[in-house]
Amino acid sequence: MPANERLVVLLDALRNLKKPCLLVIDNANEVTELEDHYLALRSCANFHVLLTTRITEFEHTATHRIEPLEKISAFELFKKHYPGHKAVEDVLLNEILIAVGYNTLVIELLAKNLHNLNRLKIHYSITELLDDLQHRGLLGLGKSAAVGTAHKASGYTLLKEKPELDNFSNVRAK
């Protein structure tokens, strides 16, 4: 079924849902697509629309900026997913967190990557990770392994992603 026909079927189904409803659309980052479909989505009076996007301004919509993690929370998140982190490497970790702009998902993926690569023996050190970020950017990590994440996953299965996937091409060392 062509996309335009699917949209009509989807909108009809949404209009038949009992009030109140919330439609969440993640990563609505294409301005032209948003312009093409926003009014159609808003035409359903029985639900609210919440978009997550990197677009900072769109017509007369209300926005709420999600700030990066605080330093302490970023450290905790990293350590949660990379329990092998040693306190003596906190200075290096701080540099990594600055390099990735305290981005929650990037921190999680990098930590899980280190955990996967270093389960039995250090194969990719935090020093190497920082060096790669500073000299090659996130897309040029020297070593990486696919890690499970709920971000962009569908159904009940974790999505396997590598930290350097171009989803984060806008994250560069500063």
Side-chain angles (χ1 to χ4, degrees), residues 23-35 37-38 49-59 61-174:
L23 174 65
V24 179
I25 301 175
D26 191 25
N27 289 321
N29 297 320
E30 296 296 325
V31 175
T32 55
E33 286 185 14
L34 196 51
E35 289 171 341
H37 299 100
Y38 186 74
V49 178
L50 174 66
L51 304 173
T52 66
T53 182
R54 289 192 172 92
I55 299 168
T56 56
E57 188 177 306
F58 183 75
E59 298 304 320
T61 57
T63 61
H64 178 76
R65 179 170 166 72
I66 305 296
E67 298 296 329
L69 288 176
E70 298 287 331
K71 182 177 178 177
I72 292 171
S73 297
F75 265 81
E76 289 172 358
L77 177 65
F78 186 88
K79 291 174 188 179
K80 173 185 173 188
H81 294 292
Y82 183 46
H85 175 72
K86 296 176 179 32
V88 297
E89 298 175 323
D90 279 352
V91 172
L92 297 171
L93 176 54
N94 189 55
E95 292 297 315
I96 289 170
L97 298 175
I98 291 168
V100 300
Y102 294 93
N103 181 295
T104 307
L105 181 58
V106 176
I107 293 167
E108 179 183 338
L109 290 174
L110 291 176
K112 284 181 175 181
N113 184 55
L114 286 174
H115 180 69
N116 284 349
L117 292 171
N118 300 322
R119 285 183 192 268
L120 301 175
K121 177 181 162 188
I122 302 296
H123 294 285
Y124 188 54
S125 71
I126 199 164
T127 304
E128 291 172 296
L129 172 60
L130 177 59
D131 186 63
D132 283 346
L133 287 171
Q134 289 174 331
H135 295 97
R136 297 195 260 181
L138 188 58
L139 301 181
L141 294 184
K143 293 183 181 175
S144 68
V147 298
T149 179
H151 179 74
K152 290 189 180 177
S154 61
Y156 299 109
T157 305
L158 290 175
L159 182 65
K160 295 288 186 179
E161 288 192 278
K162 288 188 171 188
E164 75 277 12
L165 288 178
D166 60 0
N167 299 356
F168 311 108
S169 59
N170 62 333
V171 178
R172 294 278 182 223
K174 295 176 181 171

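Contact of the Tyr124 side chain with the Leu141 side chain is registered, since non-hydrogen atoms from C-beta on lie closer than 4.5 Å. Thr127 places none of its side-chain heavy atoms less than 4.5 Å from the side chain of Asp131. Side-chain contact between Tyr102 and Glu67 is absent, with no heavy atoms from C-beta onward closer than 4.5 Å. Side-chain contact between Asn113 and Leu129 is absent, with no heavy atoms from C-beta onward closer than 4.5 Å. Contact of the Thr63 side chain with the Thr56 side chain is not registered, since no non-hydrogen atoms from C-beta on lie closer than 4.5 Å. Asp90 is listed as a side-chain neighbour of Lys79, based on a closest heavy-atom distance under 4.5 Å. Using a 4.5 Å heavy-atom cutoff, the side chains of Leu51 and Phe58 are not in contact. With contacts defined as side-chain heavy-atom distances shorter than 4.5 Å, the pair Phe78/Ile126 qualifies.
Residue Gly101 comes nearest to Pro68 through the heavy atom pair O-CB, 3.4 Å, listed as atom of the first residue, atom of the second, then distance. Minimum heavy-atom separation, Glu128 to His123: OE1-O, 3.9 Å. Minimum heavy-atom separation, Leu97 to Ala74: CD1-CB, 3.8 Å. Ala28 and Ile55 get closest at one heavy-atom pair: O-CD1, 3.6 Å.
In this structure, CG on Leu93 lies 4.0 Å from CZ on Phe75, to the nearest 0.5 angstrom. The CG atom of Asn103 sits 10.5 Å away from atom CD of Glu108, with the distance rounded to the nearest 0.5 Å. In this structure, His115 NE2 and Leu110 CG are separated by 14.5 Å, a value rounded to the nearest 0.5 Å. With rounding to the nearest 0.5 Å, the separation of NZ in Lys112 from CD1 in Ile107 is 13.0 Å. A distance of 11.5 Å separates CD of Glu35 from NE2 of His37, quoted to the nearest 0.5 Å. Atom CG of Leu77 sits about 14.0 Å away from atom CD1 of Ile72, to the nearest 0.5 Å.
Judged by distance alone, the side chain of Thr53 and the main-chain N or O of Asn27 form no donor-acceptor pair under 3.5 Å. The main-chain N or O of Lys71 is never found under 3.5 Å from a side-chain atom of Asn94 such that the two would form a donor-acceptor pair. Put simply, the side chain of Lys143 never gets that close to the backbone of Leu117: no donor and acceptor are under 3.5 Å apart.
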